[in-house]
Amino acid sequence: MNAHQITVPAVIYAGEGSIEQLRDIIRAERAKTILVFTDKGIRSYGLSARVEAICAEEGTLKVVDDLTAEPAVSDIERVLHEVEGDHPDLVVGLGGGSVMDAAKLASILIGADYTLHDLLVDATIAKKQVRSVMIPTTCGTGSEATCNAIVAIPEESSKKGIVNSCMISDYVILDVTMIAQLPPKIIAATGVDALAHCVECYTSKKATMLSDPYAKEGARKIFHNIRRAFSTAGDLAAKQEMLLGAYYGGIAITGSGTTAVHALSYPLGGKYHIAHGVSNAILFAHVMEFNKDACADRLAELCDAVFPELAGKSVEEKADYIIAEIAAIVRDTEIPTSLEEFGIQPEDIDFLVTAGSQQTRLLVNNCKELSLDDIRYIYKKVL
Ligand SMILES: NC(=O)c1ccc[n+]([C@@H]2O[C@H](COP(=O)([O-])OP(=O)(O)OC[C@H]3O[C@@H](n4cnc5c(N)ncnc54)[C@H](O)[C@@H]3O)[C@@H](O)[C@H]2O)c1
Ligand SMILES: [Zn+2]
């Protein structure tokens, strides 16, 4: 049998001003008590004002905003403890991947008879407890579409993904006004993260006929819009395309899976606290170059979808073009291209190789097997 499956959020709103649809969602859900997860930064930029106003007009609102970026298990436990005893009818995640992951975990943990630690051991036991709405304020993780929540495990200096399709949100709002003021640096890092989702998922061993169209279209949108979204604050058309591209990347993750870029990136975030998008960006072109002989045909197909003007080129040339374009985007959007500025030294490589090789959940998806020497080779290239 060769049956494929993909689970996607049920209702999606997109476009400038679509945040107003939150009112319809609350009414459709007959939600009386609404729990909004966000962070202090987002709140201070005024991004949560409209969401809070709508929720407060429609019911009883509780806001949790003391979330840290790239949360650890203990951070999630702390915020869950804060809402213990609350019985929300709806959970809203308004923020980047860090906030949305926390909100998604809340949607399966509030009122449950299992704990976050239980899920770290076996995530298959999870069940949706509270329906959820995700509203991204970065254009990267695609967490609004995925079945994953990523938590840092400081004692292992790494991160772990909790995966269960019951975490997929019930509603998504992709309103460009949420990223209109996003600093260019965050647009760049989160945008390259989203591009990595699309390219990794397209070249993943787990890619299917259901994930491919999302990966391709997400890549096309991001390749063509990231520079404009980065350099022109007022280019809302490019930014809306970025939001959609990131969302498609999230669906691609659910249907397929990321590969060695994300696997080798986790220890860089977990131990050295390099932002997720930045560590992926540093590794991205190098991992693709390493993978190229095993996935040149897939990279060439992507090239056909994204840059149809190169149709006459060979498979090899098209694969090279995609990889060169990834490297150029990282440079043009001023993301660091090596680990140098993060103080990582040659003596750190042993730790990175061991920790990176333990990310087997993602490494098994990579089109080419990576030996310990291969992993060492890649980390050395980005030192
Ligand atoms: N669940 C998934 O499928 C998935 C996929 C990839 C990554 N992740 C996780 O997501 C997290 C990273 O998320 P992220 O890259 O979106 O960043 P983030 O959520 O960590 O936010 C980064 C910073 O940007 C700020 N910010 C967010 N929106 C803003 C806005 N509109 N204007 C100004 N500042 C804003 C935040 O306050 C924060 O300080 C990591 O923990 C990563 O592991 C999850
Ligand atoms: Zn990612």
Side-chain angles (χ1 to χ4, degrees), residues 9 19 37-48 51 65-73 75-76 93-105 123 134-153 158-165 167-169 175-201 218 229 233 239 242-243 246-247 249-254 256-259 261-270 273-281 283-284 335 359 362:
I19 195 71
F37 283 85
T38 187
D39 70 31
K40 288 198 164 43
I42 291 161
R43 238 178 156 186
S44 73
Y45 308 128
L47 284 172
S48 67
V51 167
D65 71 356
D66 57 345
L67 280 165
T68 41
E70 322 239 344
V73 173
D75 297 315
I76 303 285
L94 172 73
S98 301
V99 166
M100 290 191 285
D101 283 2
K104 283 160 63 179
L105 285 169
M134 294 299 137
I135 309 170
T137 66
T138 63
C139 47
T141 67
S143 174
E144 67 277 12
T146 71
C147 52
N148 307 343
I150 316 289
V151 287
I153 319 265
S158 197
K159 287 183 159 190
K160 189 166 179 186
I162 295 171
V163 185
N164 189 309
S165 58
M167 244 185 300
I168 291 177
S169 59
D175 187 337
V176 68
T177 55
M178 293 294 140
I179 64 162
Q181 310 300 330
L182 192 61
K185 230 176 140 171
I186 303 182
I187 293 200
T190 60
V192 172
D193 180 31
L195 185 59
H197 297 159
C198 296
V199 176
E200 285 180 78
C201 286
K239 289 182 173 177
M242 290 298 293
L243 260 188
Y247 169 71
I251 299 182
I253 290 180
T254 299
S256 172
T258 54
T259 62
V261 178
H262 272 67
L264 302 191
S265 171
Y266 277 162
L268 295 169
H273 306 291
I274 304 176
H276 177 76
V278 173
S279 54
N280 283 328
L283 289 159
F284 194 1
I335 302 174
Q359 296 296 331
L362 303 183

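Counting starts at 1 for both ligands and their atoms, in listed order.
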_Quiz question for you: does at least one protein heavy atom lie closer than 4.0 Å to atom 10 (O) of ligand 1?_
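Given the 4.0 Å cut-off, atom 10 (O) of ligand 1 counts as touching protein heavy atoms.
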*Residue Thr190 vicinity, atoms of ligand 1 by number, heavy atom under 4.0 Å*: 15 (O)
*List every atom of ligand 1 that sits less than 4.0 Å from any heavy atom of Gly96, numbering the atoms from 1 in the order shown and giving each element.*
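Atoms satisfying the 4.0 Å criterion: 16 (O), 19 (O).
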_Quick one, Thr141 with Ile150, criterion side chain to side chain contact (heavy atoms under 4.5 Å, CB included). Give me CA distance, side-chain angles, the key distance, then yes/no._
CA-CA 10 Å; Thr141 67; Ile150 316 289; over 6 Å; no
Which value, rounded to the nearest 0.5 Å, describes the distance between [X] atom [atom1] and [Y] atom [atom2]?
X	Y	atom1	atom2	result
Ile168	Thr146	CD1	OG1	7.5 Å
Leu47	Met178	CG	CE	6.0 Å
Asp66	Thr38	CG	OG1	11.0 Å
Leu283	Leu264	CG	CG	6.0 Å
Leu67	Asp39	CG	CG	7.0 Å
Asp101	Met134	CG	CE	9.0 Å

*Which is closest to atom 4 (C) of ligand 1 by heavy-atom distance: Ile150, Thr177, Asp39?*
Ile150
*Between Cys139, Ala102, Gly97, Ser265, flag the one that comes closest to atom 17 (O) of ligand 1 by a heavy atom.*
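Of the listed residues, Gly97 has the closest heavy atom.
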*For the residue pair Glu70 and Ser98, what are the closest heavy atoms and their distance?*
N-OG, 2.7 Å
*Determine the minimum heavy-atom distance between Gly97 and Thr138, stating which atoms define it.*
N-OG1, 4.2 Å
Shortest protein heavy-atom distance from [atom], along with the residue and atom involved:
atom	answer
atom 25 (C) of ligand 1	Ile186 CD1, 4.0 Å
atom 5 (C) of ligand 1	Thr141 O, 3.5 Å
atom 21 (O) of ligand 1	Thr138 CG2, 4.5 Å
atom 33 (C) of ligand 1	Tyr45 CE1, 3.2 Å
atom 6 (C) of ligand 1	His276 NE2, 3.4 Å
atom 28 (N) of ligand 1	Thr137 OG1, 2.7 Å
atom 32 (N) of ligand 1	Leu182 CD1, 3.5 Å
atom 20 (O) of ligand 1	Ser98 OG, 2.6 Å

*Check step by step if side chain to side chain contact (heavy atoms under 4.5 Å, CB included) holds for Asp175 and Ile135.*
CA-CA 8 Å; Asp175 187 337; Ile135 309 170; 5.6 Å; no
*So, Ser265 and Lys159: side-chain donor and acceptor under 3.5 Å apart, yes or no?*
no
Purely on distance, is any nitrogen or oxygen of [X] under 3.5 Å from one on ligand 1?
X	value
Met178	yes
Lys159	yes
His262	no
Asp193	no
Tyr266	no

One residue to check: [X]. Relative to ligand 1, which of side chain, backbone, both or neither has a non-hydrogen atom less than 4.0 Å away?
X	answer
His197	side chain
Thr146	side chain
Leu47	side chain
Pro183	side chain

*Provide the protein N, O or S atoms situated under 2.8 Å from the Zn ion (ligand 2); waters are not included.*
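Counting only protein N, O or S atoms under 2.8 Å from the Zn ion (ligand 2), the list reads Asp193 OD1, His197 NE2, His262 NE2, His276 NE2.
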*Could a heavy atom of Asp101 be found less than 4.0 Å from some atom of ligand 1?*
yes
*ligand 1 contact by Gly142, heavy-atom criterion under 4.0 angstrom*: no
*Let me see the working for Ser165 and Thr254 under side chain to side chain contact (heavy atoms under 4.5 Å, CB included), right down to the final yes or no.*
CA-CA 8 Å; Ser165 58; Thr254 299; 5.8 Å; no
Say whether, by atom type as modelled, one donor and one acceptor occur between the side chain of [X] and the main chain of [Y] under 3.5 angstrom.
X	Y	answer
Lys104	Ser169	no
Ser256	Ile253	no
Asn148	Gly161	no
Lys239	Ala233	yes

*Pairs in or reaching into residues 182-199: which pass side chain to side chain donor-acceptor pair (under 3.5 Å), with residues at least two apart or in two chains?*
Asp193-His197, Asp193-His262, Asp193-His276, Asp193-Asn280, His197-His262
*Report the C-alpha separation of Thr137 and Tyr45 in whole Å, then their side-chain angles, then the decisive distance to 0.1 Å, and conclude whether the side chain to side chain contact (heavy atoms under 4.5 Å, CB included) test is met.*
CA-CA 11 Å; Thr137 66; Tyr45 308 128; over 6 Å; no
